[in-house]
Amino acid sequence: MNGSTAGGARTTPEATARVALVTGAGSGIGLAVARRLVSDGWTVLLADRDVAAAEAANAAVGGAATASRAVALDVSRRPDWARVVQDVGDREDRLDLLVNNAGITRDRTVEKLTDADWQQVIDVHLTGTWLGCQAFLPLLRASRGAIVNLSSEGRHGSFGQANYSAAKAGVVGLTRTIALEQARHGVRANAVAPGPVDTPMLAAVPDEVVNGWLEQIPLRRLARPAEVAAVVAFLGSGESSYLTGQVIAVDGGSSHP
Ligand code: NAP
């Protein structure tokens with residue numbers, strides 16, 4: 001991409017068809033990120049373990065009328081990432097933004113947590129994010145692209161969520177390390193750490209717990225998925241070109257700077 005067109009009219013690199021892959025795009029924040037990026041002119045690869053959900057999401061966000069498409073991907077499986085990298089290499093031959101967003105919860109106090117509860121959450125959030133970053137670094141380097149990883153306010157510790165908290169704290173260390181290692185190659189990596197967001201993931205949390213959280217949030221409401229998506233879009237765009245290795249809290253004022 002050299003910033004010019006055959007007709008001679010100048011375009012900025014930002015105006016060309018940039019390609020983003022969003023994991024967990026079938027629901028919640030991932031769906032909102034896909035919607036935002038499609039509306040900003042990106043070609044979006046909507047990845048989810050449930051490919052039917054990803055296809056429905058692509059139709060819902062208007063991606064079906066563009067080059068955007070659904071991709072089957074279980075982020076916790078290395079062979080899935082290898083297949084998707086090959087597929088993207090064959091079809092789009094570029095990746096400008098990787099959004100590691102897919103997530104699950106298996107909430108229990110530490111004493112009740114099973115090995116499976118622990119492992120599944122670590123596998124999806126932490127291992128899945130690592131596998132994705134590693135798999136796509138060659139294409140991201142070629143485009144001097146960006147990574148945005150979903151952490152959480154829960155990274156500081158969260159009652160009944162030892163597995164999730166440990167994974168989300170790990171995502172911060174992983175993100176910061178990738179930022180340090182890849183800066184010389186022009187790849188930026190940042191994390192977004194939302195407080196409670198109004199998505200299906202929150203449906204598993206009892207109302208009295210959510211109400212307790214709301215009392216602690218200065219803005220006194222849940223985040224809307226689009227409000228998280230706006231920050232992800234900023235971190236994926238050239239507007240944030242001097243930002244890397246950062247964790248941006250999107251939490252209604254709950255945390256101290
Ligand atoms: P969500 O509505 O439950 O969406 C998560 C999506 O990820 C679902 O489509 C889910 O598919 C998919 N997914 C789960 N495991 C996967 C896997 N192994 N491979 C590929 N896709 C998979 O959750 P959300 O609230 O939007 O959460 C998105 C991210 O934001 C997560 O990383 C979450 O930890 C983080 N976050 C959320 C909140 C919040 O309050 N909602 C706050 C802070 C951070 P299934 O439906 O089949 O499981």
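Each ligand, and each atom within it, is numbered from 1 in the order the structure gives. Index from 1, following the sequence. Since the structure is predicted, the reported quantities are computational estimates derived from the model, not experimental observations.
Salt-bridge formation is not detected for the pair Arg83/Asp87: no Lys NZ or Arg NE/NH1/NH2 atom is positioned less than 4.0 Å from an Asp or Glu carboxylate oxygen.
For Thr199, every heavy-atom contact with ligand 1 shorter than 4.0 Å involves the side chain, none the backbone. Contacts of Val124 with ligand 1, taken as heavy-atom pairs under 4.0 Å, involve the side chain alone. At a heavy-atom distance under 4.0 Å, no atom of Ala223 approaches ligand 1. When non-hydrogen atoms are compared, ligand 1 lies under 4.0 Å from the side chain of Leu202 (C-beta onward) but not from its backbone. Heavy atoms from both the backbone and the side chain of Val75 come within less than 4.0 Å of ligand 1.
With values rounded to the nearest 0.5 angstrom, Ile178 atom CD1 is found 12.5 Å from His185 atom NE2. Annotation: the span from Asp251 atom CG to Ile217 atom CD1 amounts to 8.0 Å, rounded to 0.5 Å.
Distances from atom 46 (O) of ligand 1 to the protein include no heavy-atom value under 4.0 Å.
Without hydrogens or angle criteria, Asn163 side chain to Val121 main chain gives no donor-acceptor distance under 3.5 Å. No donor-acceptor pair closer than 3.5 Å links the side chain of Thr127 to the backbone N or O of Val124. The closest donor-acceptor contact from the side chain of Lys168 to the backbone of Leu150 lies under 3.5 Å. Of the possible donor and acceptor atoms, one in the side chain of Ser165 sits under 3.5 Å from a partner among the backbone N and O of Gly154. Distance alone, capped at 3.5 Å, places no donor-acceptor pair between the Thr43 side chain and the Ala17 backbone. Side-chain atoms of Gln246 come within 3.5 Å of backbone N or O of Thr244 as a donor-acceptor pair. Side chain of Asn101 to backbone of Val22: no donor-acceptor contact under 3.5 angstrom is found. Checking side-chain atoms of Arg106 against main-chain N and O of Gln119 turns up no donor-acceptor pair under 3.5 Å. Put simply, the side chain of Ser240 gets close to the backbone of Leu235: a donor and an acceptor are under 3.5 Å apart.
The shortest non-hydrogen separation linking Trp118 to Ala166 is CH2-CB, 3.8 Å. When all heavy atoms of Thr175 and Asn190 are compared, the pair lying nearest together is CG2-C, 3.4 Å.
The contact set between ligand 1 and Pro200, taken as ligand atoms under 4.0 Å from a residue heavy atom, comprises 2 (O). Residue contact check: Gly195 has heavy atoms under 4.0 Å from atoms 40 (O), 42 (C), 43 (C) of ligand 1. Counting atoms of ligand 1 from 1 in the listed order, those under 4.0 Å from a heavy atom of Leu150 are 30 (O), 32 (O). Set against the non-hydrogen atoms of Ser152, the atoms of ligand 1 under 4.0 Å away are 43 (C), 44 (C). Which parts of ligand 1 touch Ile104 is read off a 4.0 Å heavy-atom cut-off, strictly below it: atoms 14 (C), 15 (N). Near Asp74, with a cut-off below 4.0 Å to any heavy atom, the atoms of ligand 1 are 17 (C), 18 (N), 19 (N). Residue contact check: Pro196 has heavy atoms under 4.0 Å from atoms 40 (O) of ligand 1. The Ile29 neighbourhood of ligand 1 comprises atoms 26 (O), 30 (O), 37 (C), with distances under 4.0 Å to a heavy atom of that residue.
Under the 4.0 angstrom criterion for non-hydrogen atoms, Lys168 is in contact with ligand 1. For Ala32, the closest heavy-atom approach to ligand 1 does not fall below 4.0 Å.
Closest protein heavy atom to atom 43 (C) of ligand 1: Pro194 O, 3.4 Å. Of the protein's non-hydrogen atoms, the one nearest atom 20 (C) of ligand 1 is Leu73 O, 3.1 Å. In this structure, the protein non-hydrogen atom closest to atom 23 (O) of ligand 1 is Met201 CB, 3.5 Å. In this structure, the protein non-hydrogen atom closest to atom 22 (C) of ligand 1 is Ala102 CB, 3.6 Å. Scanning the protein for heavy atoms near atom 34 (O) of ligand 1, the closest one is Tyr164 OH, 2.6 Å. Atom 40 (O) of ligand 1 has as its closest protein heavy atom Val197 N, 2.8 Å. In terms of protein heavy atoms, atom 2 (O) of ligand 1 is closest to Ser27 OG, 2.7 Å.
Between Asn101 and ligand 1, an N or O atom pair is found at a separation short of 3.5 Å. Checked by distance only, ligand 1 and Ser151 stay at 3.5 Å or farther apart across all their nitrogen or oxygen atoms.
Counting heavy atoms only, Gly103 comes closest to atom 5 (C) of ligand 1 of the residues Gly28, Gly103, Ser76. Nearest-heavy-atom check against atom 21 (N) of ligand 1 across Gln161, Arg49, Arg155, His125 picks out Arg49. For atom 11 (O) of ligand 1, the choice among Thr129, Asp48, Asp198, Asp50 with the nearest heavy atom turns out to be Asp48.
By the 4.5 Å side-chain criterion applied to Ile, Leu, Val, Met, Phe, Trp and Tyr, Val172 is assigned to a cluster that also includes Val247.
More than 12 heavy atoms of other shown residues, nucleotides or ligands fall within 6.0 angstrom of atom CG in Asp90.
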